[in-house]
Every structure is written in structure tokens, then in C-alpha cells.
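Lettering of chains follows the sequences in order, A, B, ..., and the numbering in each one begins at 1.
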Amino acid sequence: MGIFDSPQDIQNSLLEWFRENGRYWIPWKLKKDGSVPRSGESISPYGIWIAEVMLQQTQLKVVIPYWKKWMKCFPTLSYLAEADLENLLMIWQGLGYYSRAKRIHQSSKILVEFVGKNRDQDPDSWPNQIDKWMSLPGIGRSTAGSIISSAFDLPTPILDGNVKRILSRLLAIERKSIRDERKLWEFSSLLIERQSPRDFNQALMDLGAIICTPKNPSCSSCPLQNFCVAYTKYDPEDFPKKEMTKIKPLQEIGIGLVFNQKGELLIDQRLENSSMGGMWEFPGGKKIPNESIVKTIERELKEELGIVVNVGEKLLSFEHAYTHKRLNFTVHICAWISGQPKPLASQKLLWVSPDKLFDFPFPAANTKIISELHKHLCIGNKNL
DNA sequence: CAAACGTGGCA
DNA sequence: TTGCCAAGTTT
């Protein structure tokens with residue numbers, strides 16, 4: 001018995017499992033009895049769109065509190081489309097992949113046109129075609145499929161990490177070639193249940209999260225056990241084949257906390273098109289071989305701000321791992337000596353009082369610095 | 001098309 | 001503690 005011979009058996013087994021074990025408690029999803037979530041939460045194309053973007057490469061557990069905060073601050077598409085990017089980034093702070101917030105911001109303007117002014121409360125006004133959704137920045141085929149199946153209950157296939165893993169195992173497809181990728185999309189399309197595609201896609205994702213996990217899959221309680229070639233003939237953990245892990249290079253970074261006479265601190269806003277664009281940070285940069293970190297800070301602040309500083313005591317140093325590199329930050333307190341600061345390598349500069357730092361969106365490495373600085377200055381701040 | 005891209009949870 | 005990796009998309 002295989003997936004080709006018995007798509008209906010697979011559908012039935014999976015949906016039956018879902019009715020018992022599905023994660024109906026996910027805030028933006030319909031409840032088991034078909035009712036909408038309790039008040040304060042909503043089932044809407046809007047809420048589902050935001051959730052699906054937040055969920056890109058991000059665990060459900062991490063997303064939920066961010067989604068709730070977001071829906072409170074930007075309850076509708078109209079609110080969102082009027083909001084400033086910086087307010088979006090404030091909510092997104094800590095969630096990672098900040099370009100997603102920027103693309104949501106861009107998409108909101110386009111969606112207002114698609115949906116029509118003041119029509120965003122009516123789900124029927126929202127687009128339900130794959131092409132429309134995929135035309136939006138930050139939305140690819142899988143996210144579009146999730147949104148459409150979840151919001152409109154239309155049979156649109158998805159292929160996220162969960163579904164890739166499940167289908168790879170069902171079919172014992174090992175390699176991650178472009179051809180295999182196409183095959184997996186075909187199976188996702190072939191398999192999708194026509195009567196309740198919303199539940200079917202959610203069932204796939206829930207199975208991937210609960211049973212068909214990357215490590216130690218619970219094959220003994222899997223409703224698809226009998227259909228699974230990887231289980232029957234091989235070791236499910238070998239599918240899909242893992243990527244070679246690359247070594248992340250380690251770089252030394254010197255950061256200067258520059259104070260003026262008023263006790264204000266110099267921060268800069270990252271260039272819009274750089275990584276973490278639009279986020280704020282403390283100025284600094286990469287150490288050159290054979291350069292002291294103090295010299296690095298002096299040089300970088302001269303190059304990027306056009307100022308001369310006196311590098312003082314070290315506040316802290318720590319390592320922060322990004323996707324493709326590791327950075328070792330060394331942070332020194334600095335005194336501003338001369339030169340009017342200019343945003344030579346950033347889009348904006350600001351002198352701010354240390355207790356106002358939490359009004360700006362900072363990436364995680366910088367919040368570590370802020371937290372240490374506040375300890376150093378004995379500022380009690382429960383927000384950080 | 002291979003590489004880039006943030007972070008926190010978890011073993 | 002260190003390393004893996006999660007509801008992917010873009011360039």
C-alpha cells in the first residue's frame with residue numbers, strides 16, 4: 001500500500017487523528033466545534049496572514065505572545081496600513097528576521113487596495129487567489145497556501161518544514177534537490193483533501209509537530225504508519241536528508257556607548273536595505289587583524305559618525321550567534337570629544353537618555369547591552 | 001540557485 | 001554548554 005494507491009485512506013486516517021489530537025487551541029484558528037476563538041482573539045484573513053508570516057522559520061510557541069501583542073496594537077488592516085514601520089518593528093523586536101515586518105508593512109498598503117477601503121472587516125472582501133497573495137512581498141507559495149486554506153477553507157497545498165518532513169518520509173525521498181522539491185509539491189497538491197482542506201493542511205502541520213518530529217518521531221502512534229515507506233523500509237530519521245552543517249566564522253566587534261555632557265547616549269538606525277534594516281543599534285564595527293578593540297572603536301566611530309571619542313572602561317563582552325556568523329561583541333563606555341555626529345553609515349542618529357532606550361526597536365544583541373548598561377547605571381527597568 | 005537571513009527553545 | 005533547528009522567502 002502506498003501513497004499513490006490510497007490518497008483517500010491517508011486523508012481519512014489523518015483527519016480522524018486530527019479530530020482527536022489537533023491543536024485547536026491555536027489562537028487564530030477555528031475551534032473544534034467550528035466556533036471562532038474567544039473574544040480578544042479573532043479568526044480573520046488579517047490575523048491569519050500576520051500569524052503565517054510570523055511563523056516563517058519560527059516556532060509556534062515563540063510566535064503566540066508576539067501575535068497577541070500585534071493584534072492588540074494593530075487590530076485591523078486599516079490600523080496597520082496607517083502605522084509607521086518603526087512601530088511594527090517595536091512589536092517585532094526579538095522575533096528575528098526583521099525584514100518580515102518591513103514586508104508586512106509594504107503588503108499592508110497593497111492589501112488595502114485589494115480589499116477596498118473600510119472593507120477589511122469582511123472576510124469576503126479579501127483576496128482568496130494564490131497569485132494575489134504570492135504577489136505580496138514576503139509571501140511565497142507555502143505561506144500563501146497556508147493563508148488561503150486556513151482563512152477560506154480552499155484546497156491550496158502547503159509545503160513547510162512539517163509537510164516536507166512528513167511527505168519525505170511517506171515517500172522515502174531523501175535528497176533535497178530541486179526535482180524532489182517539485183515532487184513534494186505535487187504530492188502536497190495531490191493529497192490535499194477537497195472536503196475540508198483547512199483541517200487537512202492543519203492536520204499535516206500538527207502531525208509534523210506532535211508525531212512526525214525531526215528527532216525521535218512517535219511512529220508507534222502515527223496514523224500514517226502503514227503508508228510510510230521510510231517507516232516500513234528504512235529509518236524515518238534519515239528523511240529528509242540533513243544539510244551539511246557549515247562552520248560559522250567568528251568576528252570581533254567593537255561597540256562604543258558614546259555619552260555627551262548631558263548623559264545622553266548616541267544610537268543609530270540601521271540602513272533600510274541592510275540586514276535588520278530600520279532597527280536601532282549602538283555604533284561600532286568589525287575589528288581588523290592586529291588592531292586593539294579600543295582602536296577598533298575609535299576608528300569605527302570616526303568612519304561611521306565622524307566623531308572623536310575617548311574610549312573608557314569596558315562594560316561587557318559577549319558572543320552572539322546569527323544564522324551565518326558569530327559575533328564577539330566588546331562594549332566600551334566612551335566620552336564624546338569632538339566632531340558633530342553624522343549618519344555616514346546609518347539612516348539616522350539620536351542622542352537619547354539611557355532610560356528612554358526601550359522606546360526604540362533594538363535587535364537582541366543590543367538588548368543584552370542595554371540590560372547590562374542599566375545594571376551599570378542602576379536604572380531599574382522592568383521592561384528590559 | 002546557493003547563500004543569506006535572527007532568535008529562543010531544547011536536547 | 002554547544003549545536004541544531006523551527007509554519008520560508010528573497011536575491
Mind calculating the distance between [atom1] ([X]) and [atom2] ([N]) to the nearest angstrom?
X       : N      : atom1 : atom2 : result
E319(A) : dT7(B) : CD    : C1'   : 15 Å
M279(A) : dC5(B) : CE    : P     : 15 Å
R326(A) : dG6(B) : CZ    : P     : 18 Å
K242(A) : dC5(C) : NZ    : P     : 7 Å
Q59(A)  : dG8(C) : CD    : P     : 10 Å
N162(A) : dC5(C) : CG    : P     : 14 Å
M276(A) : dA4(B) : CE    : P     : 15 Å
R100(A) : dC5(B) : CZ    : C1'   : 10 Å

Quiz item: Any salt bridge between E186(A) and K183(A), counting N to O under 4.0 Å?
Solution: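 No salt bridge links E186(A) with K183(A).
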Under 4.0 angstrom, heavy atoms only, what part of the nucleic acid is [X] near: base, sugar-phosphate, or nothing?
X       : result
I158(A) : nothing
K248(A) : nothing
A321(A) : base

Respond yes when some side-chain nitrogen or oxygen of [X] is under 4.0 Å from OP1 or OP2 of [N], and no when none is.
X       : N       : answer
H324(A) : dG6(B)  : no
K61(A)  : dC10(B) : yes
T58(A)  : dT7(B)  : no
K325(A) : dA4(B)  : no
Y98(A)  : dT7(B)  : yes

Quiz prompt | Secondary structure string for DNA chain B (Watson-Crick or G-U under 3.5 angstrom, | for other-strand pairs) | solution = .||||.|||||
Quiz item: Start at the 5' end of DNA chain C and walk down; is the nucleotide closest to I139(A) or to L55(A) reached first?
Solution: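 Whichever sits nearer the 5' end wins; that is L55(A).
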Quiz prompt | Side chains of K325(A) and Q251(A), donor plus acceptor under 3.5 Å | solution =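 The criterion, which ignores hydrogens and geometry beyond distance, is not satisfied for Q251(A) and K325(A).
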Quiz item: Do H324(A) and Y322(A) have ring centres separated by under 6.0 Å?
Solution: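 Aromatic pair excluded; centres sit 6.0 Å or further apart.
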